[in-house]
Amino acid sequence: MKKGKYCLGAALVLLVLTVFSGCENREIRKEQSGSPCLNEIIPWDMGFLAVGDQGLLFEITSEGESRNIPMEEDTDLRGIWSSGSSVFIAGEDGILYRSDTELSFKKEVTGCEEDLNVGASFQGREYCGGQNGAVFFSSGDGRWEQCNVQVRGNVTGMKSSDSRCLLVTDKGEAAVTEDGRNWTVLDYGQYYQREVRFRGLTYCGGNFWAYGDTDEGTGLFWTHR
């Protein structure tokens with residue numbers, strides 16, 4: 001990652017811990033609540049779509065009504081993102097679903113056996129990442145190929161802007177690409193001599209924002225353009 005252009009500054013924000021509850025404690029929270037863990041929510045058609053464990057997928061309309069959307073399997077669904085009129089859902093054991101305009105989902109073959117956690121659309125391609133550094137891409141034709149991204153950790157966040165796509169891992173790694181093929185990786189533990197375990201990522205206001213755990217507490221990190 002080019003120093004200066006893509007360098008992530010770090011600021012300790014302890015209140016983030018009360019806002020973001022990562023799913024590494026998914027089983028504990030599932031037992032406590034007695035219901036599936038909700039993993040991600042995105043805006044959709046003036047409302048929202050949400051995914052969770054045990055095949056949980058539901059839509060919240062602009063009128064505040066909600067409806068469950070049945071899936072063909074009850075496997076855990078961990079990430080969701082939209083691309084044009086399509087919605088993609090990533091889940092355990094390499095599961096990847098794609099919808100049509102009516103939110104009817106069909107499974108696509110990724111060739112991945114690792115759990116897939118997150119995904120993003122970038123420059124006409126779809127990208128997803130998961131456990132043990134798994135990163136895959138597709139041109140939208142239903143075929144998925146593995147990306148050569150040299151990260152060791154589990155991919156916990158992936159977002160894109162018009163000019164680049166960024167991912168983070170639970171081992172403190174960040175990887176960025178401008179063309180979807182060549183990725184630059186920065187290991188924060190080595191670069192800043194400060195351990196961090198990224199738990200998520202978002203893009204807002206022209207910056208990427210990552211949150212994670214440090215030795216001092218919960219940290220919020222952002223890109224400097």
*Asks:* Enumerate the residue pairs fulfilling salt bridge (charged side-chain N to carboxylate O under 4.0 Å, His left out) with a member in residues 122-132, sequence neighbours excluded, ordered by first and then second residue.
*Replies:* none
*Asks:* Checking S160 side chain against F122 main chain: does a donor-acceptor pair fall under 3.5 Å?
*Replies:* no
*Asks:* Donor-acceptor check, side chain of D76 to backbone of Q54, threshold 3.5 angstrom: yes or no?
*Replies:* yes
*Asks:* Between V151 and A175, which heavy-atom pair has the shortest distance, and what is it?
*Replies:* CG1-CB, 4.3 Å
*Asks:* For V149 and L167, which heavy atoms make the closest approach, and how far apart are they?
*Replies:* CG1-CD2, 4.4 Å
*Asks:* If the test is side-chain hydrogen bond (donor to acceptor under 3.5 Å, both in side chains), which one of T169, D115, T156, N117 qualifies with Q131?
*Replies:* N117
*Asks:* Would you say that R199 contacts D213 through its side chain, given a criterion of any heavy-atom pair below 4.5 Å between the two side chains?
*Replies:* yes
*Asks:* With heavy-atom distances below 4.5 Å as the criterion, would you say the side chains of L49 and I41 are in contact?
*Replies:* no
*Asks:* Please say whether more than 12 non-hydrogen atoms of neighbouring residues, nucleotides or ligands are located less than 6.0 Å from CD in E102.
*Replies:* no
*Asks:* Using side-chain heavy atoms (C-beta onward) and a distance below 4.5 Å, is K171 in contact with R197?
*Replies:* no
*Asks:* Could you grab the distance from atom CD1 of I89 to atom CZ of R98, nearest 0.5 Å is fine?
*Replies:* 13.0 Å
*Asks:* If we only count heavy atoms from C-beta on, is the D53 to N39 side-chain gap below 4.5 Å?
*Replies:* yes
*Asks:* Strictly by modelled atom types, are T214 and E216 linked by a side-chain donor-acceptor pair under 3.5 Å?
*Replies:* yes
*Asks:* Spell out, yes or no, whether L103 and L57 are grouped together once hydrophobic residues are joined by side-chain heavy atoms under 4.5 Å, including indirect joins.
*Replies:* yes
*Asks:* M46: which other cluster members, linking ILVMFWY side chains closer than 4.5 Å, directly or transitively?
*Replies:* none
*Asks:* CD1/I95 to SG/C128 distance, rounded to the nearest 0.5 angstrom?
*Replies:* 12.5 Å
*Asks:* Do Y191 and V168 belong to the same hydrophobic cluster, where Ile, Leu, Val, Met, Phe, Trp and Tyr are linked whenever their side-chain heavy atoms lie under 4.5 Å apart, directly or via other members?
*Replies:* yes
*Asks:* Would you say the side chain of R194 lies within less than 4.5 Å of the side chain of Y188, judging by non-hydrogen atoms?
*Replies:* no
*Asks:* Do side-chain atoms of S83 reach the backbone of S86 as a donor and acceptor pair under 3.5 angstrom?
*Replies:* no
*Asks:* Can you measure from CE (M71) to CZ (F105) and round to the nearest 0.5 angstrom?
*Replies:* 5.5 Å
*Asks:* Does the pair E40/K159 count as a salt bridge with the N-to-O cut at 4.0 Å?
*Replies:* yes
*Asks:* Can you give the donor-acceptor pairs under 3.5 Å from side chains of residues 62-69 to other protein atoms, not counting sequence neighbours?
*Replies:*
from: E63; atom 1: OE1; to: T61; atom 2: OG1; distance (Å): 3.3
from: R67; atom 1: NE; to: E59; atom 2: OE1; distance (Å): 2.9
from: R67; atom 1: NH2; to: E59; atom 2: OE1; distance (Å): 3.2

*Asks:* Quick one: do the Q150 and N148 side chains pair a donor with an acceptor below 3.5 Å?
*Replies:* yes
*Asks:* Looking at every heavy atom in both V135 and M158, which two are closest together, and how far apart are they?
*Replies:* CG1-CE, 4.3 Å
*Asks:* Under 3.5 Å, is there a donor on one side chain and an acceptor on the other for T177 and D179?
*Replies:* yes
*Asks:* Closest heavy-atom contact between S82 and W44?
*Replies:* CB-CZ3, 3.9 Å
*Asks:* Nearest 0.5 Å, please: how far is CG in L77 from SG in C37?
*Replies:* 11.5 Å
*Asks:* With hydrophobic residues grouped by side-chain heavy-atom distances under 4.5 Å, do Y211 and W222 end up in a single group?
*Replies:* yes
*Asks:* Could you list all the ring-ring contact (aromatic ring centres under 6.0 Å, His included) pairs where at least one residue sits in residues 131-180, not counting sequence neighbours?
*Replies:* none
*Asks:* Should V51 and F48 be counted in the same cluster of Ile, Leu, Val, Met, Phe, Trp and Tyr side chains packed under 4.5 Å apart?
*Replies:* no
*Asks:* Suppose the criterion is salt bridge (charged side-chain N to carboxylate O under 4.0 Å, His left out): which pairs have a residue in residues 132-157, not counting sequence neighbours?
*Replies:* D141-R143, R152-E173, R152-D187
*Asks:* Please report the shortest heavy-atom distance between E114 and N132, naming the atom on each side.
*Replies:* OE1-ND2, 3.0 Å
*Asks:* Among residues two or more places apart or on two chains, list those pairs meeting ring-ring contact (aromatic ring centres under 6.0 Å, His included) that have a residue in residues 66-103.
*Replies:* W81-F88
*Asks:* Could you give me the CA-CA distance, side-chain angles and deciding distance for T110 and L116, then say whether side chain to side chain contact (heavy atoms under 4.5 Å, CB included) is met?
*Replies:* CA-CA 10 Å; T110 61; L116 295 174; 4.3 Å; yes
*Asks:* Is L166 linked to L186 within one hydrophobic cluster, defined over Ile, Leu, Val, Met, Phe, Trp and Tyr using a side-chain heavy-atom separation of less than 4.5 Å?
*Replies:* yes
*Asks:* Please examine the side chains of L220 and W209, heavy atoms only from C-beta on, and report whether any two atoms are closer than 4.5 Å.
*Replies:* yes
*Asks:* Measuring only between side-chain heavy atoms, which start at C-beta, is F221 closer than 4.5 Å to F208?
*Replies:* no
*Asks:* Out of curiosity, S161 OG to Q123 CD, how far, rounded to the nearest 0.5 Å?
*Replies:* 9.0 Å
*Asks:* Is there a side-chain contact between W183 and C165 (heavy atoms, below 4.5 Å)?
*Replies:* yes
